[in-house]
Amino acid sequence: MNTTSNNIFSLDVSYVKQFQNQLLTWYSENKRSLPWRENQDPYRVWVSEIMLQQTRVDTVIPYFNRFTELFPTLQDLAYADEEKVLKAWEGLGYYSRVRNLQTAVKEVCESYGGKVPDTPKEISGLKGVGPYTAGAVLSIAYGVPEPAVDGNVMRVLSRILLIEEDISKPKTRLIFEKAVRELISHEDPSSFNQGLMELGAIICTPKSPACLLCPMRELCRGFESGRQRELPVKLGKTKVRKAKMVAGVLMSEDGHVLIHKRPSEGLLANMWEFPNTEYVGENKLAEISALESYVEEQVNYEVTLEEKAGYIEHVFSHLKWEIHIWQGKINSMAEDGLLPDDWKWVSVDELDAYPFPVSHQKIIRLIKEALIG
DNA sequence: AACCCGTGGTT
DNA sequence: TAACCAAGGGT
């Protein structure tokens with residue numbers, strides 16, 4: 001029964017057994033009914049796990065329902081037009097997630113006969129499937145006893161087991177995976193992993209954990225020592241860079257608007273936008289000249305910016321855009337057929353067919369309000 | 001390892 | 001309100 005010195009968690013057999021019983025009982029009685037819990041279809045489980053990365057359950061639910069209705073099977077997604085896929089993801093953020101997912105789903109069709117692989121090695125090789133997602137899909141869809149360590153699991157276990165390592169360091173995840181391997185139920189890995197996350201989402205919350213309602217209270221070393229609020233340890237700061245941007249709503253004589261498809265890599269990859277560029281300076285002249293030269297360089301159009309149409313702020317995880325919006329018109333156009341593939345003239349109604357990031361959806365709103373008002 | 005990659009809710 | 005946070009992964 002005694003713990004060995006090389007076991008840093010001091011997890012004896014009876015502790016593990018109690019841990020599993022308490023968690024699994026609580027989960028079976030308290031789990032939320034969510035769309036992706038209707039069945040264990042590996043494709044649906046996979047889609048949900050990708051959507052849930054850094055994204056709240058309440059946000060994901062409507063997206064998941066729409067997405068699985070548009071692309072009911074893995075094959076439907078594999079053969080779908082990328083533009084349509086991005087459109088279904090519009091507003092969810094981290095758009096590389098869905099481009100990687102479609103890449104991975106194609107790989108499953110080509111290399112695995114359309115069946116989502118059920119081994120750690122194979123599934124981890126798929127684009128966009130990291131350590132967490134691999135473990136989540138394997139355990140939930142296939143019942144494989146693999147750890148699925150996300151932010152919830154690190155928070156919950158750091159408190160229960162009093163682990164004080166800095167969870168912002170990548171290596172720290174390995175410590176929690178080791179802990180889960182010792183604790184996980186081999187009878188029901190799916191409920192065990194989901195139970196840990198559910199506990200983190202409902203009871204063991206970041207700011208004010210509901211310890212008095214917690215089924216794990218008697219097993220919790222953090223609660224025992226009154227230090228649950230100090231955990232998990234998370235160091236490191238995030239700085240948000242500010243970028244002054246100028247964007248143009250440029251109209252042709254027949255009422256079309258100029259839009260641009262962003263490059264296939266980097267921020268908001270493959271999403272559409274209104275022509276815009278970062279600028280330096282303080283006054284309107286700086287805004288105007290920056291946008292004018294940008295448009296001229298990109299598509300060889302000469303533009304006249306007529307009036308300021310608005311100002312928008314948009315905050316990303318690591319960046320803040322301060323967007324000054326100008327309305328203008330095209331003076332001289334290059335020959336019609338010379339517009340590059342990633343530039344388009346579209347009517348205002350047609351804008352709805354293209355995937356725009358939220359920052360530029362705000363500009364669309366301005367356009368429509370101006371047309372109505 | 002450190003930085004990039006979105007968005008919306010909470011405190 | 002600014003900072004923090006959410007079922008992370010790629011490079």
Side-chain angles (χ1 to χ4, degrees), chain A residues 27 31-32 34-37 45-64 86 89-101 103-104 123-141 147-156 166-173 176-177 180 190 192-202 204-208 229 232 234-243 262-271 273 313-321 355-362:
Chain A
Y27 180 66
K31 65 178 173 188
R32 295 166 289 181
L34 299 169
W36 46 90
R37 288 178 176 165
V45 172
W46 186 5
V47 170
S48 74
E49 292 302 339
I50 300 298
M51 284 189 172
L52 285 163
Q53 289 171 5
Q54 302 291 285
T55 311
R56 296 183 137 71
V57 166
D58 288 344
T59 303
V60 166
I61 290 173
Y63 279 92
F64 179 84
L86 268 178
W89 206 269
E90 183 184 68
L92 249 193
Y94 288 136
Y95 300 98
S96 291
R97 289 185 294 177
V98 75
R99 297 191 306 116
N100 290 339
L101 176 61
T103 300
I123 201 168
S124 298
L126 298 169
K127 206 72 178 286
V129 178
Y132 164 75
T133 305
V137 175
L138 289 174
S139 61
I140 297 171
V149 175
D150 70 337
N152 283 312
V153 173
M154 289 199 282
R155 182 174 62 257
V156 169
D166 176 9
I167 68 165
S168 66
K169 293 186 185 302
K171 278 181 61 180
T172 303
R173 194 196 72 253
F176 289 92
E177 288 181 348
V180 171
S190 168
F192 184 90
N193 281 341
Q194 292 190 77
L196 278 181
M197 294 188 278
E198 197 84 344
L199 192 67
I202 296 176
C204 196
T205 54
K207 297 294 182 184
S208 47
R229 286 171 173 277
K234 192 174 185 180
L235 306 176
K237 288 284 170 263
T238 52
K239 270 190 187 169
V240 176
R241 184 178 78 90
K242 292 181 181 177
R262 295 176 62 88
S264 59
E265 292 183 351
L267 182 66
L268 304 170
N270 284 3
M271 301 291 282
E273 66 183 2
E313 293 182 346
H314 190 79
V315 181
F316 300 89
S317 47
H318 59 295
L319 182 67
K320 177 179 180 180
W321 274 355
F356 284 89
V358 168
S359 49
H360 285 247
Q361 288 175 25
K362 293 175 183 174

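Reckoned from all heavy atoms, side chains included, excluding hydrogens, waters and symmetry mates. Predicted, not measured: the structure shown is a model, and the values here were computed from it.
- Here A:Arg229 pairs with nothing under the salt bridge (charged side-chain N to carboxylate O under 4.0 Å, His left out) rule; sequence neighbours left out.
- A:Arg155 comes within 4.0 angstrom of the backbone, heavy atoms only, and of no base.
- Distance noted for atom C1' between C:dA7 and B:dC3: 23 Å (whole Å).
- Residue pairs that meet the side chain to side chain donor-acceptor pair (under 3.5 Å) test with at least one member in residues 123-132 of chain A, sequence neighbours left out, are A:Glu49-A:Tyr132.
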Dot-bracket for DNA chain B, please. Rules: Watson-Crick or G-U, both distances under 3.5 Å, ( ) within the strand, [ ] when a pair crosses earlier ones, | for another strand, . otherwise. .||||.|||||
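- Contact annotation for A:Lys169: no contact, since no heavy-atom pair falls under 4.0 Å across all strands.
- Taking the nucleotide of DNA chain C with the nearest heavy atom to each of A:Leu126 and A:Ile140, the more 5' of the two is matched to A:Ile140.
- Heavy atoms of A:Ser48 sit nowhere under 4.0 angstrom from any nucleic acid atom.
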Contact string for nucleotides 5-11 of chain B, one letter per nucleotide 5' to 3', B = base within protein heavy-atom range under 4.0 Å, S = sugar-phosphate only, - = neither, reads BBBB---
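- Listed by chain and residue number, nothing satisfies the ring-ring contact (aromatic ring centres under 6.0 Å, His included) test with A:Tyr27 (two or more places apart in sequence, or in another chain).
- A:Arg262 meets the salt bridge (charged side-chain N to carboxylate O under 4.0 Å, His left out) test with A:Glu273; sequence neighbours excluded.
- Every salt bridge (charged side-chain N to carboxylate O under 4.0 Å, His left out) that A:Arg173 has, sequence neighbours left out, goes to A:Glu177.
- With sequence neighbours excluded, no residue forms a side-chain hydrogen bond (donor to acceptor under 3.5 Å, both in side chains) with A:Asn100.
- When the side-chain hydrogen bond (donor to acceptor under 3.5 Å, both in side chains) test is applied to A:Ser168, the partners found at least two apart in sequence or on another chain are A:Asp166.
- With sequence neighbours excluded, the residues satisfying ring-ring contact (aromatic ring centres under 6.0 Å, His included) with A:Phe64 are A:Trp36.
- Think of the region where chain A sits on DNA chain C: with heavy atoms and a 4.0 Å cut, that region ends 5' and 3' at C:dC4 to C:dG10.
- Base contact: A:Trp36 has a heavy atom under 4.0 Å from a base atom.
- Here the separation of B:dG8 from C:dG9, taken at their P atoms, is 22 Å to the nearest Å.
- Contact annotation for A:Arg37: base contact, defined as any heavy-atom pair under 4.0 Å involving a base atom.
- Where A:Arg32 and A:Gly128 meet DNA chain C, the nucleotide closest to each residue was compared, and A:Arg32 sits on the side nearer the 5' end.
- Counting only N and O atoms by type, the side chains of A:Ser139 and A:Asn193 include a donor and acceptor under 3.5 Å apart.
- The salt bridge (charged side-chain N to carboxylate O under 4.0 Å, His left out) check on A:Lys320 picks up A:Glu313, with sequence neighbours excluded.
- Of all non-hydrogen atoms in A:Arg155 and A:Ala201, the two that sit nearest each other are NH2-N, 4.3 Å.
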